[in-house]
2 protein chains.
Amino acid sequence: MSLPRDLFLGFVKLHILYHAGCEPVYGLWLIDELARHGYELSAGTLYPMLHSLEEGGLLVSEKRVVAGKMRKYYRLTDAGADALEQGRERATELLNEISEPAPTG
Amino acid sequence: MSLPRDLFLGFVKLHILYHAGCEPVYGLWLIDELARHGYELSAGTLYPMLHSLEEGGLLVSEKRVVAGKMRKYYRLTDAGADALEQGRERATELLNEISEPAPTG
DNA sequence: CGCTATCCTATCGTCTGGCGATATCGTCAA
DNA sequence: TTGACGATATCGCCAGACGATAGGATAGCG
């Protein structure tokens, strides 16, 4: 059985921030990359997500024409790097906690 | 600067599942416990969350009267344990990935 | 006994956001 | 010009996050 999606969306965003920190990324590439990690999102989910991340100051975009196609490349901002770092810490803390054996019952 | 909340809500739910797997938990205790981990959520956020988790079959509840007060205790179901396990894996994978040093720029 | 404080859960109204489906835009090929 | 293709943008609906507030049960006080 699959998990409710809302459990994962934060993870997805963190992934996006990370990739945008490695190199400029664009929509369809992200959809593909995330699918490789098991997160299947449609364009109707990803693009608004990107927009809100940009609006929130975590990403900045820049239009480029590649092979005749317009692409919007997103890069991580300082605030985005900060958010990613906080996400890292939170995720570490979460894993530390939930990885302790839970008594069944 | 604080992160957008939606980055964290999945983490919060995983925390809840974990705690519910350790021992039966109830609303206000969770609010307190989560606050200790830096997640401040109000009752209006937590209770509907609990309800939807139960509706989704990840938790089951049981009413108990403690010190004269009615409390609804939530425990993890098998499906919930499964979800938690998947969350663990995802979180591990996420951390593995985003912990690699990202080339600046 | 009634009053009030306390503890805990439930819900209302609003606004945000996830989603599939669809529209749109720019370029290349013929 | 038309069509195909790579990509982004948006519409419309429904779920859900949120603060605020209500509800309900009991204990303690007088």
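As the structure is a computational prediction, the values presented were derived from the model and not from experiment. Lettering follows sequence order; numbering is per chain, from 1.
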With a 4.5 Å heavy-atom cut-off, do [X] and [Y] have their side chains touching?
X     : Y     : value
B:L9  : A:L9  : no
B:M49 : B:K13 : yes
B:W29 : B:E23 : yes

Distance in angstrom units between [X] [atom1] and [N] [atom2], rounded:
X     : N      : atom1 : atom2 : answer
B:E54 : C:dT9  : CD    : C1'   : 13 Å
B:F8  : D:dC18 : CZ    : P     : 12 Å
A:R71 : C:dT24 : CZ    : P     : 24 Å
B:M49 : D:dC18 : CE    : P     : 6 Å
A:D6  : D:dA17 : CG    : P     : 6 Å
A:L46 : D:dG6  : CG    : P     : 18 Å
A:F11 : C:dG18 : CZ    : C1'   : 17 Å

The test is ring pair (Phe, Tyr, Trp, His ring centres under 6.0 Å); show your working for A:Y39 and A:F8 and say whether it passes.
CA-CA 8 Å; A:Y39 305 106; A:F8 284 149; 5.7 Å; yes
How would you summarise protein contacts on nucleotides 10-15 of chain D per nucleotide, using B for base, S for sugar-phosphate only and - for none, with heavy-atom distances below 4.0 Å?
B-----
Hey, could you give me each pair passing salt bridge (Lys or Arg N to Asp or Glu O under 4.0 Å) that has a residue in residues 25-40 of chain B? Not counting sequence neighbours.
B:D32-B:R36, B:E33-B:R36
In chain order, what residues pass the ring-ring contact (aromatic ring centres under 6.0 Å, His included) check against B:H37, with sequence neighbours excluded?
B:H15
Presence of [X] side-chain N/O under 4.0 Å of [N] phosphate oxygens OP1/OP2:
X     : N      : value
B:K72 : C:dC7  : no
A:Y26 : D:dA7  : yes
A:R5  : C:dC19 : yes

Minimum heavy-atom distance A:L41-A:L46, with the two atoms named:
CD1-CD1, 3.8 Å
Where B:T77 and B:G57 come nearest, the two heavy atoms and their spacing:
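Shortest heavy-atom separation between B:T77 and B:G57 comes out as OG1-O, 2.6 Å.
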Please list, pair by pair, any protein nitrogen or oxygen found under 3.5 Å from a nitrogen or oxygen in nucleotides 25-27 of chain C.
from, atom 1, to, atom 2, distance (Å)
C:dT27, O4', A:G68, O, 3.2

Checking side chain to side chain contact (heavy atoms under 4.5 Å, CB included) between B:L50 and each of B:L58, B:L30, B:V25, B:T45, which is the one that passes?
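Running side chain to side chain contact (heavy atoms under 4.5 Å, CB included) over B:L58, B:L30, B:V25, B:T45 with B:L50 returns exactly one hit, B:L30.
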Looking only at the side chain of B:S42 (C-beta and beyond, no hydrogens), which of the listed nucleotides C:dG18, D:dG19, D:dT8 gets closest?
D:dG19
Applying salt bridge (Lys or Arg N to Asp or Glu O under 4.0 Å) to B:R90 and B:E93, what does each step give before you reach the verdict?
CA-CA 5 Å; B:R90 291 283 210 231; B:E93 207 252 41; 5.9 Å; no
Rounded to 10°, tell me the angle between the two end axes of the helix from C:dC1-D:dG30 to C:dA30-D:dT1, each built from five pairs.
10°
At 4.0 Å (heavy atoms only), tell me whether B:K63 reaches a base, stays on the sugar-phosphate, or touches nothing.
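It contacts nothing in the nucleic acid.
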Need one value for A:L50: base, sugar-phosphate or nothing, where a base atom within 4.0 Å counts as base even if backbone is also close, heavy atoms only.
nothing
May I ask you to check whether A:Y74 and A:Y26 place their ring centres under 6.0 Å from each other?
no
Do the side chain of B:S99 and the main chain of B:L95 share a donor and acceptor less than 3.5 angstrom apart?
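The answer is yes, because a donor-acceptor pair under 3.5 Å joins these two groups.
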Would B:Y73 and B:R75 count as having a side-chain donor-acceptor pair, cut-off 3.5 Å?
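No pair is found: no donor N or O on one side chain lies under 3.5 Å from an acceptor on the other.
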Contacts to DNA chain C from residues 28-41 of chain B, heavy-atom cutoff under 4.0 Å, which residues?
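Under 4.0 Å from DNA chain C: B:L28.
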So does A:N96 have more than 12 non-hydrogen atoms from other groups sitting under 6.0 Å from CG?
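For A:N96, atom CG is crowded (more than 12 foreign heavy atoms under 6.0 Å).
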